[in-house]
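So the structure is just underneath, and the comments pick up after that.
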Amino acid sequence: MAGSPEDSRATRPPRPSTVFAYIIRRLIGAVILLFVVSLVTFSIFFLVPRIAGASVEDMASRYVGKTADAETIRQMAEKLGFTDPLLTQYGRFISAIFVGADYSTGPTTVHCPAPCLGYSFITQNPVWPDLVDRMGVTISLAVGAAVIWLLLGISTGVLSALRRGTVFDRAAMGVALAGVSLPIFFTGLLSLTIFSYGLGWAVPGGTYVNFADDPLAWAGALILPWVTLAFLNAAGYARLTRATMLETMNEDFIRTARAKGLNERTVVVKHGLRSVLTPIITIFGLDLGILLGGAVLTESAYSLPGLGAYAINAIVNNDLPKVLGVTLVGATFIIIANLVVDLLYAVVDPRVKYS
């Protein structure tokens, strides 16, 4: 029996022009959101200390040592631009992202090409090249862990729902509960102690190989960090998938599919799992921010030279340009990833409209 015209329109794929217009609207919104993030972050690190009573000399004294005299502190404050009005400092920071900037960090003026996120107050190195050098480590860790936790979490949740009440179901949910409860630094150090230093099955902490140099060595160096980061999130996805799958398999359309004579695999994969994926994708979009935070903790546990170690070093040393750079890169990553997740809605559920 053919579906109604309303059903046909509801399941019709969106036109490319509609999707393109949706992407353009989201990109414009992303630029506005990044502007707000930069403004808020800049205010937290540069405006709030002044509201709290700190002078420009107090802020500059952090970068010249405790034995510096007043004249040295004043020169450092001028060199870092702290003596300029806050709007001037913020405008200089934003314009440097688009057109670059010139910095007098020594006897000569150095040009920082766009996108310029400033120079480190401590090392005097430009922030953007440092971030690019470390971005590959964090992206490798985050993407690999996300793939593992999605595959492991969804498959475990589906099998647990189909085998409800069995030993597998109880064991899987017990492991999932442990995964949700245990912090990353504990599972990371435990994994290193057992599988790397004890059994010798994995490389020691602090090891990273570029994918282009040796893909197998790259995967071997990241397998433990991947599993550690995925363990926390896969556990939650397994529990969510199991609960949603149990509810979905009792729906009328599942009984209708079975009444048509479809085999059980088709019923589960084509009808049941497809309905489960929509809330999974929604949660995945929200978890992308947690993924970046988890990557920071995992990099610290395994001493990986990624953005996490860079961010922690910047925060410990109060190196404001580096903190600003990491924050903006992290926000950009989350915004782009959420846009991709929103586009996937139409792939999973054709009833989703972009208007």
Any donor-acceptor pair under 3.5 Å linking the side chain of Tyr237 with the backbone of Phe284? yes

message = Quick check: is Val99 connected to Leu117 through a chain of hydrophobic side chains (ILVMFWY, heavy atoms under 4.5 Å apart)?
response = yes

Tightest non-hydrogen contact, residues Gly136 and Tyr208, listed as O-OH, 3.7 Å

Distance col, row Ile312:CD1 vs Leu307:CG, nearest 0.5 angstrom, shows 11.5 Å

Sorted by chain and number, sequence neighbours left out, side-chain contact (heavy atoms from CB on, under 4.5 Å) with Val227 holds for Ile223

Checklist line | same_hphob_cluster(Val56, Val48) at 4.5 Å side-chain heavy-atom cutoff | finding: no

Heavy atoms of other groups near Arg170 CZ, more than 12 under 6.0 Å = no

Sequence neighbours excluded, the answer for side chain to side chain donor-acceptor pair (under 3.5 Å) partners of Trp128 is none

Hits for salt bridge (charged side-chain N to carboxylate O under 4.0 Å, His left out) against Asp84, two or more places apart or cross-chain, chain-then-number order -> Arg92

Residues at least two apart in sequence or cross-chain that pass salt bridge (charged side-chain N to carboxylate O under 4.0 Å, His left out) with Arg134, listed by chain then number, are none

Nearest heavy-atom approach of Pro225 to Leu141 is CB-CD1, 3.6 Å

### Query
Between Gln89 and Gly81, is there a donor-acceptor pair closer than 3.5 Å when you use the side chain of the first and the backbone of the second?
yes

In terms of heavy-atom contacts, Ala311 and Val326 come closest through CB-CG1, 3.8 Å

When rounded to the nearest 0.5 Å, the distance separating CZ of Phe253 from CZ of Arg258 is 10.5 Å

- Determine, using the 4.5 Å side-chain heavy-atom cutoff (strictly less than), whether Leu189 and Leu224 are members of one ILVMFWY cluster. no

Please check this pair: side chain of Asn263 against backbone of Thr266, looking for a donor-acceptor N/O pair closer than 3.5 Å. yes

Residues Ala172 and Ser160: closest non-hydrogen pair is CB-OG, 3.5 Å

Discussion item. Counting only heavy atoms from other residues, nucleotides and ligands, does the tally under 6.0 Å from CG of Leu87 exceed 12?
Written reply: no

With sequence neighbours left out, the residues meeting salt bridge (charged side-chain N to carboxylate O under 4.0 Å, His left out) with Glu251 are none

query: Are any non-hydrogen side-chain atoms of Leu324 and Phe46 less than 4.5 angstrom apart?
result: yes

Exercise. Can Ser38 and Tyr90 be said to form a side-chain hydrogen bond (donor to acceptor under 3.5 Å, both in side chains), step by step?
Worked result: CA-CA 9 Å; Ser38 70; Tyr90 179 70; 2.9 Å; yes

| said: Within a 6.0 Å radius of atom CZ on Phe186, are there more than 12 heavy atoms belonging to other residues, nucleotides or ligands? | reply: no

Tell me if a side-chain donor or acceptor on Ser196 pairs with a main-chain N or O of Thr193 at a distance below 3.5 Å. no

Practice item. Flag the pair Ile154 / Leu273 as yes when at least one side-chain heavy-atom distance between them is below 4.5 Å, and no otherwise. Key: yes

message: Before you tell me yes or no, could you show the steps for Val158 and Val276 under side-chain contact (heavy atoms from CB on, under 4.5 Å), namely the whole-Å CA-CA distance, both residues' side-chain angles and the distance that decides it to 0.1 Å?
response: CA-CA 9 Å; Val158 170; Val276 171; 5.8 Å; no

Evaluate the side-chain proximity of Val268 to Met249: yes if any heavy-atom separation is below 4.5 Å, no if none is. yes

**Request:** Could you tell me whether a side-chain N or O of Thr244 sits under 3.5 Å from a main-chain N or O of Thr241, the two making a donor and an acceptor?
**Result:** no

Result for side-chain hydrogen bond (donor to acceptor under 3.5 Å, both in side chains) between Lys322 and one of Thr123, Asp130, Asn313 points to Asn313

Between the OG1 atom in Thr228 and the OH atom in Tyr302, the distance rounded to the nearest 0.5 Å is 2.5 Å

Heavy-atom nearest pair, Thr207 first then Ala221, reads O-CB, 3.6 Å

If we only count heavy atoms from C-beta on, is the Thr298 to Leu304 side-chain gap below 4.5 Å? no

**Message:** Please check if the number of heavy atoms outside Glu247 that lie under 6.0 Å from its CD is greater than 12.
**Reply:** no

What one should report as the nearest heavy-atom pair of Ala145 and Ala230 is O-CB, 3.5 Å

(request) Check the side chains of Thr166 and Asp169 for a donor-acceptor pair under 3.5 angstrom, ignoring hydrogens and angles. (result) no

In this structure, would Ile283 and Met245 fall into the same cluster of hydrophobic residues linked by side-chain contacts under 4.5 Å? yes

Could you tell me whether the side chain of Arg255 and the main chain of Asn250 form a donor-acceptor pair under 3.5 Å? yes

- Query: Mind checking whether Leu199 and Ile194 have side chains closer than 4.5 Å, heavy atoms only?
  - Reply: yes

*asked:* Please tell me whether Val132 and Leu328 are part of a single hydrophobic cluster in this structure, the criterion being side-chain heavy atoms less than 4.5 Å apart.
replied: yes

Q) Taking the inter-plane angle between the rings of Trp218 and Trp226 on a 0 to 90° scale, is it parallel (under 30°), tilted (30 to 60°) or perpendicular (over 60°)? A) perpendicular

By salt bridge (charged side-chain N to carboxylate O under 4.0 Å, His left out), Arg163 pairs with (sequence neighbours left out) none

